[in-house]
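One structure is given below, encoded as structure tokens.
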Protein chains: 2
Amino acid sequence: MGLSNISELRKREIVEAFYQTAIKEGLESTSIAKIAKTLEIQPSLIVHYFKSKDELITALIDHCLELYLKIFEKAYLSNEDPLEMLISLISSMFSKDWNDLFDDGVYYSAYAMVFREPSFREKFSKIHKELREKLSSLLKDCHDTKAINCNNPNETANRIFFLLDGTYFFINMLSTQKEQNEHLKQSKLLAFEMLGLKK
Amino acid sequence: MGLSNISELRKREIVEAFYQTAIKEGLESTSIAKIAKTLEIQPSLIVHYFKSKDELITALIDHCLELYLKIFEKAYLSNEDPLEMLISLISSMFSKDWNDLFDDGVYYSAYAMVFREPSFREKFSKIHKELREKLSSLLKDCHDTKAINCNNPNETANRIFFLLDGTYFFINMLSTQKEQNEHLKQSKLLAFEMLGLKK
DNA sequence: CAATAAATTGAATGGTTGTTCAATAAATAG
DNA sequence: CTATTTATTGAACAACCATTCAATTTATTG
């Protein structure tokens, strides 16, 4: 037990270094050697823990999922009422909190890989689905407690994510921070509208 | 004139080979050597036309813009009435036509670069803006001829692209083709709704 | 303490990267 | 036909790449 801890710790450390390096250099041009340099260890040690670069990327995507799930946990833990949880969650999703969680460049690079590597597609789809299902489940709770009227939580959750994906893709094409914030705000309002909440 | 034609032709050829190779191998791992191999020429010849790899990527993004603009031209040329143009354009945008125009993997890879390289961001933003403005201009024509009611063409165009970006990001996270088509269809209906057209 | 297993190093491998440069082939112009 | 410009080749460069493997250090166990 104490043994595998060291191993798991190292793995986490490597994935974190991978992520940090990828932010600066780009996901695809982050080499094992560069990760090793960041950690001041030998490249061969990384290979010892991750047999291939693909394994590293898979681990990074998992790491990403964990981060996103924390936003959900936070909304759950800091509220008691399902409706309050929902409001807190949607507010987080359409705010800097969500956007700053994971580096955009790394995220879209990983997303781009989906089109060439089926195993990445599976992994990435799974994250997306898991997050949608989490939201769907919360929507169902809100519906059951008559806090909102939502007959098809699955579809509604899909539409929220739909809006979310579009929002973040779009705002990065806007030049000024001011424009970006304005659009993010509008999207948040639209999301609350979709849920029948004025806020 | 005849001279620079050869030069321009070669440049186009190289960009096309770059694109084709990027589809298979990924944008970031497409090297000058690989492009040269595809064209059966020397790597140094590519360097002769494009001083750096960044120049090549910039040219590829321009190539991408040209392709998207063709969809607009097609809608303009095959219709006389602004409203018909609009209906034809929206139909194209929310269909396979639009999605098949440029490889998703290459597109999102280029998009990811935006976050690390300011010059790419500028280039990419310009494409996005140019397309939005094209649509906005058409919306204005439709409003002026009283075909639709659209007081703020700019904002409406933004929302259409907003929906478009979200749609294509989202549907690639769905596993089956059937689900993807279903969502694309729904988005198209939503777009027409946003324009006050039932279709 | 001794034996075993895991973590880590360091060197070596063969291949690929972007870029430079002089030499050659082809096209253009006077 | 000659001079000049342009297109293209081919070789060389040092830097970096992922991966391998035996040697060594460190930790765990009996």
Side-chain angles (χ1 to χ4, degrees), chain A residues 1-61 106 109-110 112-113 116-117 119-120, chain B residues 1-61 106 109-110 112-113 116-117 119-120:
Chain A
M1 197 191 281
L3 178 73
S4 67
N5 256 1
I6 288 178
S7 167
E8 282 306 313
L9 232 71
R10 256 278 187 258
K11 278 192 169 189
R12 277 191 167 271
E13 209 178 15
I14 291 170
V15 172
E16 182 60 30
F18 181 24
Y19 175 51
Q20 293 301 331
T21 315
I23 291 174
K24 286 171 205 150
E25 315 248 358
L27 183 62
E28 308 223 33
S29 38
T30 296
S31 62
I32 291 177
K34 281 178 189 165
I35 304 169
K37 201 173 226 172
T38 313
L39 288 172
E40 286 178 324
I41 57 172
Q42 294 296 323
S44 48
L45 185 56
I46 294 175
V47 178
H48 178 247
Y49 287 108
F50 300 92
K51 276 163 200 163
S52 72
K53 209 187 164 185
D54 283 8
E55 256 184 46
L56 257 172
I57 293 169
T58 305
L60 182 61
I61 298 178
V106 178
S109 283
M113 288 181 175
R116 268 167 285 121
E117 184 54 54
S119 68
F120 291 153
Chain B
M1 197 190 280
L3 180 73
S4 68
N5 257 0
I6 288 178
S7 168
E8 283 306 313
L9 231 71
R10 255 279 188 257
K11 277 192 171 189
R12 276 191 169 273
E13 208 177 17
I14 290 169
V15 172
E16 182 60 30
F18 181 23
Y19 176 51
Q20 293 300 331
T21 314
I23 291 174
K24 287 171 206 150
E25 314 248 358
L27 182 63
E28 309 223 33
S29 38
T30 296
S31 62
I32 292 176
K34 281 177 189 165
I35 304 170
K37 201 173 228 173
T38 313
L39 288 172
E40 287 179 324
I41 56 172
Q42 294 297 320
S44 48
L45 186 57
I46 293 174
V47 179
H48 178 247
Y49 287 107
F50 300 92
K51 276 164 199 164
S52 70
K53 208 188 165 184
D54 283 8
E55 256 185 46
L56 256 172
I57 293 169
T58 305
L60 182 61
I61 298 178
V106 178
S109 283
M113 287 181 176
R116 268 167 284 120
E117 184 55 52
S119 68
F120 291 153

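Note: hydrogens, waters and symmetry copies are ignored here, and every other heavy atom, side chains too, is used. Chain letters run A, B, ... following the sequence lines, proteins first, then strands; residues in each count from 1. What you see is a predicted model; the values in this text were computed from it and never measured.
For the pair B/Arg10 CZ and D/dT6 C1', the computed distance is 13 Å after rounding to whole Å. Atom-to-atom, CD of B/Glu8 to C1' of D/dA7 comes out at 14 Å; the value is rounded to the nearest Å. The distance between atom CG of B/Leu56 and atom C1' of C/dT17, rounded to the nearest whole Å, is 14 Å. The distance from atom CG of A/Leu45 to atom C1' of D/dT26 is 13 Å, rounded to the nearest whole Å. Put simply, NE2 on A/His48 is 17 Å from P on D/dA23, counting in whole angstrom units. Between the CD1 atom of B/Ile35 and the C1' atom of C/dT19 there is a distance of 14 Å, rounded to whole Å. In this entry the distance linking CD1 of B/Ile46 with P of C/dT17 reads 11 Å, nearest Å. In this structure, A/Leu9 atom CG and C/dT8 atom C1' are separated by 16 Å, rounded to whole Å.
Side chain of A/Ile41, nearest nucleotide from C/dA7, C/dT9, D/dA7: C/dT9. Set against C/dA7, C/dT9, D/dA7, the side chain of A/Gln42 has C/dT9 as its closest nucleotide.
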Could you go through residues 46-61 of chain B and list every donor-acceptor pair under 3.5 Å that involves a side-chain atom there, pairing it with any protein atom two or more places apart or in another chain?
residue	atom	partner	partner atom	Å
B/Ser52	OG	B/Asp54	N	3.4
B/Ser52	OG	B/Glu55	N	3.4
B/Lys53	NZ	B/Glu28	O	3.4
B/Lys53	NZ	B/Thr30	O	3.2
B/Glu55	OE1	B/Lys51	N	3.3
B/Thr58	OG1	B/Asp54	O	2.9

Donor-acceptor pairs under 3.5 Å, side chain of residues 31-40 of chain B to any protein atom, not counting sequence neighbours: which ones?
residue	atom	partner	partner atom	Å
B/Ser31	OG	B/Lys34	N	3.2
B/Lys34	NZ	B/Glu25	OE1	3.2
B/Lys34	NZ	B/Ser29	O	2.8
B/Thr38	OG1	B/Thr21	OG1	3.3
B/Thr38	OG1	B/Lys34	O	2.8

Which atom pairs link the protein and nucleotides 17-21 of chain D when you take only N or O atoms and keep those under 3.5 Å?
residue	atom	partner	partner atom	Å
D/dC17	OP1	A/Ser31	OG	2.5
D/dC17	OP2	A/Ser31	OG	3.4
D/dC17	O5'	A/Ser31	OG	3.3
D/dA18	OP1	A/Ile32	N	3.3
D/dA18	OP2	A/Ile32	N	3.0

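Near DNA chain C, meaning a heavy atom under 4.0 Å from it, residues 11-26 of chain B has no residue at all.
When all heavy atoms of A/Arg116 and B/Ser109 are compared, the pair lying nearest together is NH2-OG, 3.7 Å.
Listed by chain and number, the residues in a side chain to side chain contact (heavy atoms under 4.5 Å, CB included) with B/Gln42 are B/Ser44 (sequence neighbours excluded).
Distances shown here put every side-chain N or O of A/Tyr49 at or beyond 4.0 Å from the OP1 or OP2 atom of C/dA6.
Comparing the end axes of the helix from C/dC1-D/dG30 to C/dT13-D/dA18, each fitted to five base pairs by superposing C1' atoms of four pairs onto the next four, gives an inter-axis angle of 10° (nearest 10 degrees).
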